[in-house]
Amino acid sequence: MRAISWNVNSLRTRFERVAAVINRHQPDLLCLQETKVTDEDFPHDAIEELGYIAEVHGQKTYNGVALISRDELEDVRIGFDGDPCPEQARVISGVCQGVRFINIYVVNGKEIGTDKYELKMKWLTALREWISSEFNNDEPLVILGDFNIVPEERDAHDPDKWRHIHFSPEEVAQLDALRDWGTTDLFRLHNDDDHVFSWWDYRRQAFRFDHGLRIDLAMGTQRAAKICSFASLDRDERRKGDFEAKPSDHIPLILDFS
DNA sequence: ATGGTTGGTCGCCAA
């Protein structure tokens, strides 16, 4: 089984690239973040033409998540109990071939000291409480998506530039708490290199200078890690060439499970 | 601290 996580930064603007990613990688499950489309306007017909079906949790203008799969998923859930901002569409989960995938778009947080940063901490704590109360860490389970958190120094081009957001001690501690519950960074099972990034700011030619961060993550339980046979970031999605036009600022995270 | 690109929407807010 192949699963992909990707912050598309608007599904409707990026649809042709989404179709290209599906054709290139042939995933069983595609977890999208920042779809920026209401459920009413979701392009279900175009997804079905690709041979897929979509479970959606969207809203107008901001946020929005979706699960796009070849086959029907089991136990699909919209959002989570205890969400401090339930009006923001940030979580959708479901079971694909026996593995539970919790697709998340974490609150960005803006900067330490702001209300948005406080909300990010509250949101992450509430999400962990929901996950640990609702699910078992001895089951195959993967929490994946745009975490807006840099796990380690080697995951930032210049970690000191990001200590006010994305790489603050409190944010890293939230990730550690998720590890303590019994999950591991699945990308790191198969990649040892420093400076492998998943996001580059659109501004200041950040991709050209490779000023990026690895903030798109998949945290899997031991049962998920045991069957995770491959993990990679699809840098070609942002590179120039056939796909030069309008890339997302994030690239897809590809995961295989045996 | 400022900077300055993209998307949704149509004036700015969010990232």
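Scope of the values below: all heavy atoms of this structure, side chains included, with no hydrogens, waters or symmetry mates. Numbered from 1 within each chain, the chains take letters A, B, ... in sequence-line order.
- Distance A/Q205 CD to B/dG4 P: 12 Å, rounded to the nearest Å.
- With rounding to whole Å, A/D249 atom CG is found 11 Å from B/dA14 atom C1'.
- Comparing A/Y202 and A/Q88 by the nucleotide of DNA chain B whose heavy atom lies nearest to each, the residue mapping closer to the 5' end is A/Y202.
- Rounded to whole Å, atom P of B/dA1 lies 10 Å from atom NE2 of A/H164.
- Qualifying salt bridge (Lys or Arg N to Asp or Glu O under 4.0 Å) partners for A/D176, counting only residues two or more places apart in sequence or in other chains: A/R179.
- Annotation: B/dT2 and B/dT6 have their P atoms spaced 23 Å apart (nearest Å).
- Across the protein-nucleic acid pair, A/Y62 atom OH and B/dA15 atom P stand 8 Å apart, rounded to whole Å.
- Take the nearest nucleotide of DNA chain B for A/R203 and for A/W199: the residue whose nucleotide is more 5' is A/R203.
- Put simply, the side chain of A/V107 does not reach to within 4.5 Å of the side chain of A/L124, judged on heavy atoms.
- Taking A/R163 as the reference, A/E153, A/D160 meet the salt bridge (Lys or Arg N to Asp or Glu O under 4.0 Å) condition, with sequence neighbours excluded.
- The salt bridge (Lys or Arg N to Asp or Glu O under 4.0 Å) test applied to A/K161 returns A/D158, not counting sequence neighbours.
- Here B/dC13 presents its P atom at 16 Å from NZ of A/K60, a figure rounded to the nearest Å.
- Whole-Å rounding puts the A/I165 CD1 to B/dA14 P distance at 14 Å.
- Put simply, A/R14 has a side-chain N or O that comes within less than 4.0 Å of OP1 or OP2 on B/dG7.
- As rounded to whole Å, 8 Å separates atom C1' of B/dA15 from atom NE2 of A/H166.
- Residue A/Q59 contributes atom CD, which lies 12 Å from atom C1' of B/dA14 at whole-angstrom precision.
- Under the side chain to side chain donor-acceptor pair (under 3.5 Å) criterion, A/D256 pairs with A/R2, not counting sequence neighbours.
- Taking atom C1' on both B/dA1 and B/dC10, the two are 30 Å apart, rounded to the nearest angstrom.
- For A/R223, there are no side chain to side chain donor-acceptor pair (under 3.5 Å) partners at least two apart in sequence or on another chain.
- Residues from residues 106-127 of chain A lying near DNA chain B, meaning a heavy-atom separation below 4.0 Å, are A/N108, A/K116 in numerical order.
- One finds a salt bridge joining A/E134 and A/R77 here, because a Lys/Arg side-chain nitrogen approaches an Asp/Glu carboxylate oxygen to under 4.0 Å.
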